Amino acid sequence: MTRTEQLTRQKGAEERSSGRWLALSVLVLAVLLVAVDATVLGLATPSLSEDLKPSGTQLLWIGDIYSFVIAGLLVSMGSLGDRIGRKKLLLIGATAFGAVSVLNACATSPEMMIVARALLGVAGATLMPSTLALIRNIFHDPRERSLAIGIWGATASAGAAVGPVVGGALLQHFYWGSVFLINLPVMAVLVIVGVKLLPESKNPVAGPWDLLSVSLSLVGVIGVVYAVKEAATHGVTWEVGLAALLGAGALYAFVQRQFRLGAPLLDMRLFKHRGFSGAVLADLLTVFGLSGLVFFLSQFLQLVQGRDPLEAGLAELPAAIGAVATGLLAGRYARRYSVRVIVSGGLAAIGLALGALTLLHKESGYPLLGAALLVVGLGAGFSFTVTADVILSSVPKEQAGSASAVSETAYELGAALGIALLGSIVTGVYQGFTAPASVPAPVADAAHESLGGAVEAGRMLDPQTAQTMIGAAQDAFVDGLRLASGVGSAVLLATAAAAWFLLRGQELQDGVEH
């Protein structure tokens, strides 16, 4: 080989390497946007409610429909990307996400807002599986892929934590629709740059997209998640039972149909791989244990400790800092010490941090909470990054979209179940507080609905009575939060033990794929 040929080959390799990382930067933009959008709406809910005046049921649908639709469509969209091309699906979804964000920002009624949030969920479901699947196909060196997944996971964690900070800053200066309009410039950059930098990849033998399987998956996941949330909030009713039965029946039919199809929407044989199943289960139960805490922590910071939205968002940043720090190192340490050591150790750290939060009370100083959140982030960065790597490494790259979608579906289901079940613990304990005898029954009933309702109801009372009632409500809320943290801690420690056995012998790849 001549000197000129050597230099030409070296230059080509450097260009391909830089191209991979530039492509990753585009994928990171998509992840950042979805992660921010998942948490930013919570802070905007009060001003949105004042403007659109939704009923209590409508407000719940505004908050829930986005995650319902995403959870129901992830598997279908991951499989669609395998068939039509992950780059194509990502760019179509990103364009739709930007357009529907405008519809959300311009909503003039609760009904319009619910429809807009549902459409945003459809667009969002195309983004997360596509990004992970493209990483699987862009990075053939397993060590580079581990680092790329670490950056992907760190961005998702940072985005979820930055959401409240961004939302708080926007809401101090602009109307509630601004939390959706920030999506537009990010999506514009993603589409324009992604067209040039992202390589296309698909499964060349994927077969047709089975619409009956898509419908069964959507009905099954939404039915089960809806039933769990409604049962936790309003108790078991015939409507909840019907939704649960419909959802479970649809999921059973979905699984049976996948075994019969020559080109299934989701290859159920993936779950025969112990590492794949163990990683998916670890993801689901980890998010289950964490989500109840995260959901109620903002209320604790604002309604119990009196912090403003921006300050509350900043108070939650240690979790993101920890996740970013360990997410970037997780792959390296998993190869040095083993997958199960890193995943189980990360899960155990989260469990112990949640256990420490059982010591929380109204006057707790920030060091306890900040330290616990930092440890939660450190543990989550290790466990989520390595399990994502295991899931992607366990399947052929042609099936990366489906595998990524399973991982994301486990995340969404874990979040829905955690908020519903752990949230019901907080709500159940909270509703047991005793209002002063002088408080009128309608006011007391409103106060027992939620801690925010108690603060609002207190404005109808004289200052001393209001202070007594709100103090009792805050004490009950903290008692519920402590109990939910204890249950979450037990779930995480049990998951750490299960992961130790399920991930036995599991290793991350080292050799470069060709």
Side-chain angles (χ1 to χ4, degrees), residues 39 42-43 157 160-165 167-168 286 288-323 325 347-381 418-419 421-435 447-448 450-456 458 466-493:
T39 56
L43 291 174
S157 300
V162 166
V165 179
T286 302
F288 172 89
L290 277 174
S291 56
L293 166 73
V294 172
F295 184 74
F296 287 102
L297 197 57
S298 293
Q299 294 182 55
F300 171 79
L301 291 168
Q302 294 181 65
L303 299 177
V304 176
Q305 295 202 326
R307 303 175 192 268
D308 62 44
L310 181 57
E311 187 183 359
L314 291 171
E316 296 178 34
L317 278 180
I321 294 170
L347 297 177
I350 300 171
L352 293 174
L354 293 181
L357 291 179
T358 60
L359 304 175
L360 206 64
H361 54 82
K362 282 202 302 186
E363 291 78 24
S364 290
Y366 182 70
L368 170 64
L369 181 59
L373 287 172
L374 179 62
V375 174
V376 164
L378 292 171
I419 291 173
L421 298 180
L422 296 183
S424 68
I425 292 174
V426 177
T427 302
V429 174
Y430 170 77
Q431 290 179 339
F433 84 87
T434 303
H448 280 90
S450 67
L451 183 55
V455 173
E456 186 70 26
Q467 184 177 358
T468 302
M469 184 184 74
I470 292 172
Q474 289 174 333
D475 287 335
F477 181 86
V478 175
D479 288 342
L481 185 59
R482 284 202 299 262
L483 181 56
S485 297
V487 173
S489 173
V491 169
L492 264 297
L493 293 175

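Each residue takes its place number in the sequence, starting with 1. Owing to the predicted nature of the structure, the values given are computational and were not obtained by experimental measurement.
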Enumerate the salt bridge (charged side-chain N to carboxylate O under 4.0 Å, His left out) contacts for residues 477-489, please, sequence neighbours excluded, ordered by first and then second residue. Asp479-Arg482
Suppose we screen for side-chain contact (heavy atoms from CB on, under 4.5 Å). Which residues come up paired with Ala466, at least two apart in sequence or across chains? Leu461
Between OG1 of Thr358 and CG of Leu483, what distance do you get to the nearest 0.5 Å? 10.0 Å
Phe477 vs Val429, test: side chain to side chain contact (heavy atoms under 4.5 Å, CB included). Steps then yes/no. CA-CA 7 Å; Phe477 181 86; Val429 174; over 6 Å; no
In terms of heavy-atom contacts, Ser489 and Gly351 come closest through OG-O, 2.7 Å
Rounded to the nearest 0.5 Å, how far apart are CG of Leu360 and CG of Leu481? 6.0 Å
What is the minimum heavy-atom distance between Val304 and Lys362, and which atoms define it? CG1-CG, 3.6 Å
Nearest heavy-atom approach of Ala472 to Phe433 is O-CB, 3.8 Å
Side chains of residues 363-379: which donor-acceptor partners sit under 3.5 Å, not counting sequence neighbours?
residue	atom	partner	partner atom	Å
Ser364	OG	His361	N	2.8
Ser364	OG	His361	O	3.1
Tyr366	OH	Ala315	O	2.5

